[in-house]
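Here the structure is laid out as C-alpha cells; the discussion comes afterwards.
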Amino acid sequence: MIFLKTEEEIALMRAANQLVGRTLGEVAKLIKPGVTTNELTRVAEEFIRDNGAEPTFKGYPNQDDVPFPAALCTSVNEMVVHGIPNDEPLKEGDIVSVDCGTLLNGFNGDSAYTFAVGEIAPEVRELLKVTKESLYLGIEQAVAGKRLGDIGYAVQSHCESHGYGVVREFVGHGIGREMHEDPCVPNYGRRGYGTQLKKGMCIAIEPMITLGDRRVYMENDGWSVRTRDHKPAAHFEHTIAICNGKAEILSSFDYIAEVLGDKEF
Ligand code: MG
Ligand code: MG
C-alpha cells in the first residue's frame with residue numbers, strides 16, 4: 001500500500017532528510033586515505049544522535065533478521081551496497097559509497113553518495129559522474145502523472161549508453177514513517193509502464209551502477225553485496241516528494257558540495 005503524504009508530513013520528511021544531508025557533509029570532511037569506515041560511522045552516529053534523531057540503519061533487520069550493526073553502510077570499490085564499516089583504512093584511489101538513514105520525529109531520511117578517496121582512476125570518476133547524472137535524470141521523470149517505468153528507463157538508458165551495468169537485485173523504494181514502503185522503484189524499466197506517480201508520494205531513487213557486469217552476489221554476512229566480476233560500483237540516492245510539477249528533492253548533497261567544492265569526486 002502506498003501512503004500519500006500531506007504537506008505537514010512532507011515537512012517532517014524534509015527535516016529528516018536534511019539531517020541525512022548534513023551527516024553526509026560531516027562524513028565528507030573525513031574522507032581521505034588512512035581513515036577507517038568505522039571512524040566514519042562513529043562520527044555520523046554521534047552527529048545524528050546529537051541532532052535528536054536515530055540512525056535508522058543500526059539494528060535494521062535483513063530477511064533473516066540479522067541486524068545491521070552500524071549507522072552507515074560503507075561500500076568500498078567492488079562493494080555495491082550494504083557494506084559493514086570496519087577498521088580497514090581507506091586507500092588512495094578507493095571509492096566508498098556512504099548510505100545514511102535517520103529517523104526524526106517519526107519520519108525517515110535516506111540518501112547516499114559515492115566519494116573518491118584522493119585521486120581515482122579516470123574510468124572510475126566517469127562511473128561516478130554518470131551514475132550521479134542518472135539519479136537526476138530519474139528525478140526529472142518523477143512528477144505526478146508519470147509512471148515508475150519512466151524513472152527506471154531514464155536511469156537505465158543513461159547508464160547503459162555508457163556501457164555500465166544496472167543492478168537489478170536492489171531497488172529504490174517508497175519512504176515515510178517506514179524506511180522501506182511501497183512501491184519498489186527499480187533503476188530499469190519501460191517508459192509509460194508501472195505504477196502511476198501521484199502528488200504526495202515520497203520515494204527514494206537510488207541507482208546502483210557497475211563499471212562491468214551488472215551481476216552481484218551477497219556475502220555470508222547477509223548484508224555485503226559485491227559485483228561478481230569485482231569491478232567497482234557506484235551508488236547515489238535522494239529521497240524526493242512527488243509534486244504536480246518538478247519533484248522536490250528532500251535530501252541534499254549541498255553539505256557535501258560545501259566540503260568538496262568544485263571537485264565532486
Ligand atoms: Mg539509502
Ligand atoms: Mg534507500
Side-chain angles (χ1 to χ4, degrees), residues 2-3 5 13-14 16-28 37 40-41 44-45 47-48 53-63 67-76 79-85 95-104 107-115 128 131-132 134-136 138-139 142 148 151-152 155 166-188 201-209 216 218 223-225 233-242 247 249-253 255-256:
I2 297 173
F3 298 104
K5 277 80 180 176
M13 294 282 298
R14 191 181 301 115
N17 277 286
Q18 287 294 308
L19 178 57
V20 172
R22 287 167 58 210
T23 307
L24 290 174
E26 293 302 306
V27 169
T37 46
L40 302 183
T41 197
E45 180 170 353
F47 187 79
I48 291 166
E54 293 288 322
T56 331
F57 295 177
K58 196 169 189 178
Y60 196 88
N62 71 2
Q63 296 123 311
F68 191 79
L72 296 179
C73 297
T74 55
S75 306
V76 178
M79 194 91 79
V80 184
V81 284
H82 304 163
I84 297 173
I95 55 172
V96 56
S97 300
V98 178
D99 196 347
C100 179
T102 64
L103 180 67
L104 179 65
F107 284 87
N108 280 279
D110 188 9
S111 179
Y113 197 93
T114 302
F115 295 94
L128 303 195
T131 304
K132 193 177 172 199
S134 78
L135 168 60
Y136 288 102
I139 291 170
L148 283 173
I151 297 174
V155 172
V166 176
V167 172
R168 302 290 202 276
E169 290 86 343
F170 299 88
V171 295
H173 50 92
I175 178 168
R177 289 188 183 277
E178 299 295 329
M179 165 113 90
H180 294 115
E181 297 185 353
D182 288 338
C184 287
V185 182
N187 296 304
Y188 54 91
M201 282 173 67
C202 290
I203 58 174
I205 302 178
E206 47 180 315
M208 291 156 251
I209 306 300
V216 299
M218 190 184 285
W223 284 106
S224 314
V225 175
H235 179 210
F236 289 85
E237 175 180 26
H238 270 315
T239 293
I240 64 155
I242 306 286
I249 302 177
L250 301 173
S251 48
S252 176
F253 294 155
Y255 305 96
I256 295 171

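Numbering of ligands and ligand atoms starts at 1, following listing order. Just so you know, these numbers use all the heavy atoms, side chains as well, and skip hydrogens, waters and symmetry mates.
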- [ ] May I ask you to establish whether Arg22 and Phe47 are in a cation-pi arrangement, using a distance under 6.0 Å from NZ or CZ to the six-membered ring centre and at most 45° from the ring axis?
- [x] no
Task: Gln18 and Tyr255, any side-chain heavy atoms less than 4.5 Å apart - done: yes
Task: Asp110 atom OD1 and Asp99 atom OD2 as seen from the Mg ion (ligand 1), angle to 10 degrees - done: 150°
Task: Angle in degrees, rounded to 10°, that OE2 of Glu237 and NE2 of His173 form at the Mg ion (ligand 2) - done: 110°
- [ ] May I ask you to check whether Ser97 and Thr114 show a side-chain donor-acceptor distance below 3.5 Å?
- [x] yes
Open item on the list: Rounded at 0.5 Å granularity, tell me how far OG in Ser252 sits from CG in Asn17.
Closed with: 10.0 Å
Task: Among the N, O or S atoms of Glu206, the one nearest the Mg ion (ligand 2) - done: OE2
